[in-house]
Amino acid sequence: MNDDQLLRYSRHILLPEIGVEGQEAILAARVLVVGAGGLGSPAAMYLAAAGVGTLVLADGDTVDLTNLQRQILHSQDAVGRPKVESGRDTLARLNPLARVEALVERLEGAALDEQIAAADVVLDCSDNFATRHAINRACVRHRKPLVSGAAIRFDGQVSVFDLRKPDSPCYHCLFPEGDEVEEVRCAVMGVFAPLTGIIGTTQAAEALKLIVGCGTTLDGRLLLLDGLAMEWRSVSLGRDPGCAVCAQA
């Protein structure tokens, strides 16, 4: 690190759990954030501010006026622009030292596989089960830690699936693909603006802990937030020995 970096990241370096070595790990990390909306906005902003060396933002959507209530990567003048390009500009203003790769596409197939293989940590900030399951399958294949978040109405959830560990569950263990799970969207059900900030920021925190190797992550736990009561609940998760995705991996 040069003098500017030592000063910029000094409050991290002061933490014995991070220190110089931990901050250098953050600077060397490549993090994939799938989704540049409600969850991806705060997650990407804190990851960039913390010094993540390469931040890959993937989203095929454009900024809509209805997004601005909660998607803090974007401003009024970004309406109509690709979300990842708007996000890249915001993150450059926040921390010009961070390298941001903007992928204007819904990652799938070989492109998703390639990006996950290259990442150190993957953040699922998407809003549909098809994408979530595709991300999970690729993370299982490549043994990449996955930080999953979701937020709707006043309810949020976060978990870590550290697929480097043989006993860690995967997303499919929790929500088996093909089960009749109701898929709800913000456009229909609404979402409390700060909720996406709380969950997305928690995802960023878990990602940084995974990169540094400090603390206890949410691996094997599902953290649930009731935003109306402002109450957190933690539920233990176990690996499904019959899981169609990770049991034979």
Side-chain angles (χ1 to χ4, degrees), residues 8-9 26-27 29-108 111-112 115-116 119-128 131-132 135 146-154 156-158 185-187 189-208 210-211 225 227:
R8 178 182 281 267
Y9 306 121
I26 294 170
L27 293 171
R30 180 183 178 92
V31 177
L32 172 63
V33 179
V34 182
L39 301 176
S41 288
M45 291 177 80
Y46 267 104
L47 291 172
V52 167
T54 302
L55 197 56
V56 183
L57 280 181
D59 195 315
D61 203 2
T62 56
V63 180
D64 186 82
L65 188 62
T66 61
N67 301 150
L68 303 183
Q69 162 251 16
R70 65 201 177 282
Q71 299 185 14
I72 58 174
L73 265 179
H74 318 299
S75 57
Q76 180 82 30
D77 60 2
V79 171
R81 294 187 65 199
K83 286 184 179 180
V84 293
E85 293 181 0
S86 166
R88 179 189 57 203
D89 294 348
T90 300
L91 297 176
R93 290 191 295 270
L94 183 65
N95 184 358
L97 302 180
R99 180 185 175 205
V100 180
E101 296 182 11
L103 304 180
V104 189
E105 60 182 301
R106 176 176 174 173
L107 280 181
E108 53 189 353
L112 175 64
Q115 288 298 329
I116 286 179
D120 295 301
V121 180
V122 178
L123 273 69
D124 180 356
C125 300
S126 65
D127 63 355
N128 66 88
T131 299
R132 292 179 183 279
I135 292 169
L146 170 61
V147 185
S148 176
I152 194 71
R153 303 186 185 99
F154 289 90
Q157 64 182 43
V158 192
R185 298 290 185 90
C186 297
M189 307 305 299
V191 61
F192 186 47
L195 178 71
T196 59
I198 296 168
I199 299 300
T201 302
T202 304
Q203 287 182 264
E206 291 299 291
L208 291 170
L210 286 164
I211 292 166
L225 172 62

Colleague: Using 0.5 Å steps for rounding, measure from the CD1 atom of Ile199 to the CD1 atom of Ile152.
Modeller: 12.0 Å
Colleague: Scan the side chains in residues 71-79 for donor-acceptor partners under 3.5 Å anywhere in the protein, sequence neighbours excluded, and list what turns up.
Modeller:
| residue | atom | partner | partner atom | Å |
| --- | --- | --- | --- | --- |
| Gln71 | OE1 | Lys83 | NZ | 3.1 |
| His74 | ND1 | Ser86 | OG | 2.8 |
| His74 | NE2 | Ala36 | O | 2.9 |
| Ser75 | OG | Asp77 | OD1 | 2.5 |

Colleague: Please give me the minimum heavy-atom distance between Phe154 and Leu195, naming the atom from each residue.
Modeller: C-CD2, 3.6 Å
Colleague: Would you mind telling me which of Asp59, Thr131, Val33 makes a side-chain contact (heavy atoms from CB on, under 4.5 Å) with Ser126?
Modeller: Thr131
Colleague: Keeping Asp120 on the side-chain end and Arg30 on the backbone end, is there a donor-acceptor pair under 3.5 Å?
Modeller: yes
Colleague: How many angstroms lie between CG in Asp124 and CG in Leu32, if you round to the nearest 0.5 Å?
Modeller: 9.5 Å
Colleague: Hey, could you give me the CG/CD distance between Leu55 and Glu101, rounded to the nearest 0.5 Å?
Modeller: 9.5 Å
Colleague: Give a yes or no answer on whether the side chain of Arg153 reaches the backbone of Met189 with a donor-acceptor pair at less than 3.5 Å.
Modeller: no
Colleague: Would you find a donor on one side and an acceptor on the other, under 3.5 Å apart, between the side chain of Ser41 and the backbone of Gly38?
Modeller: no
Colleague: If you look at every heavy atom in Leu47 and Ala207, which pair is closest and at what distance?
Modeller: CD2-CB, 4.1 Å
Colleague: Please name the pair of heavy atoms, one in Leu57 and one in Ala44, separated by the smallest distance, quoted to 0.1 Å.
Modeller: CD2-CB, 3.9 Å
Colleague: If you round to the nearest 0.5 Å, how far is CD1 of Ile116 from CG of Leu107?
Modeller: 8.0 Å
Colleague: Name all residues meeting the side chain to side chain donor-acceptor pair (under 3.5 Å) criterion together with Arg88; count only those two or more places apart in sequence or in a different chain, and write none if there are none.
Modeller: none
Colleague: If you measure from CE on Met45 to CG on Leu94, what distance do you get to the nearest 0.5 Å?
Modeller: 5.5 Å
Colleague: Working to the nearest 0.5 angstrom, can you tell me the gap between Tyr9 OH and Ile26 CD1?
Modeller: 9.0 Å
Colleague: List the atom of Leu39, the atom of Ala151, and the distance in Å for their closest heavy-atom pair.
Modeller: CD2-CB, 4.1 Å
Colleague: Quick one: closest heavy-atom pair of Ala43 and Ala204, and the distance?
Modeller: O-CB, 3.7 Å
Colleague: Applying ring-ring contact (aromatic ring centres under 6.0 Å, His included), can you list everything that pairs with Tyr46, at least two apart in sequence or on another chain?
Modeller: none
Colleague: Considering non-hydrogen atoms only, spot the tightest contact between Leu208 and Ala50 and give its length.
Modeller: CD1-CB, 3.8 Å
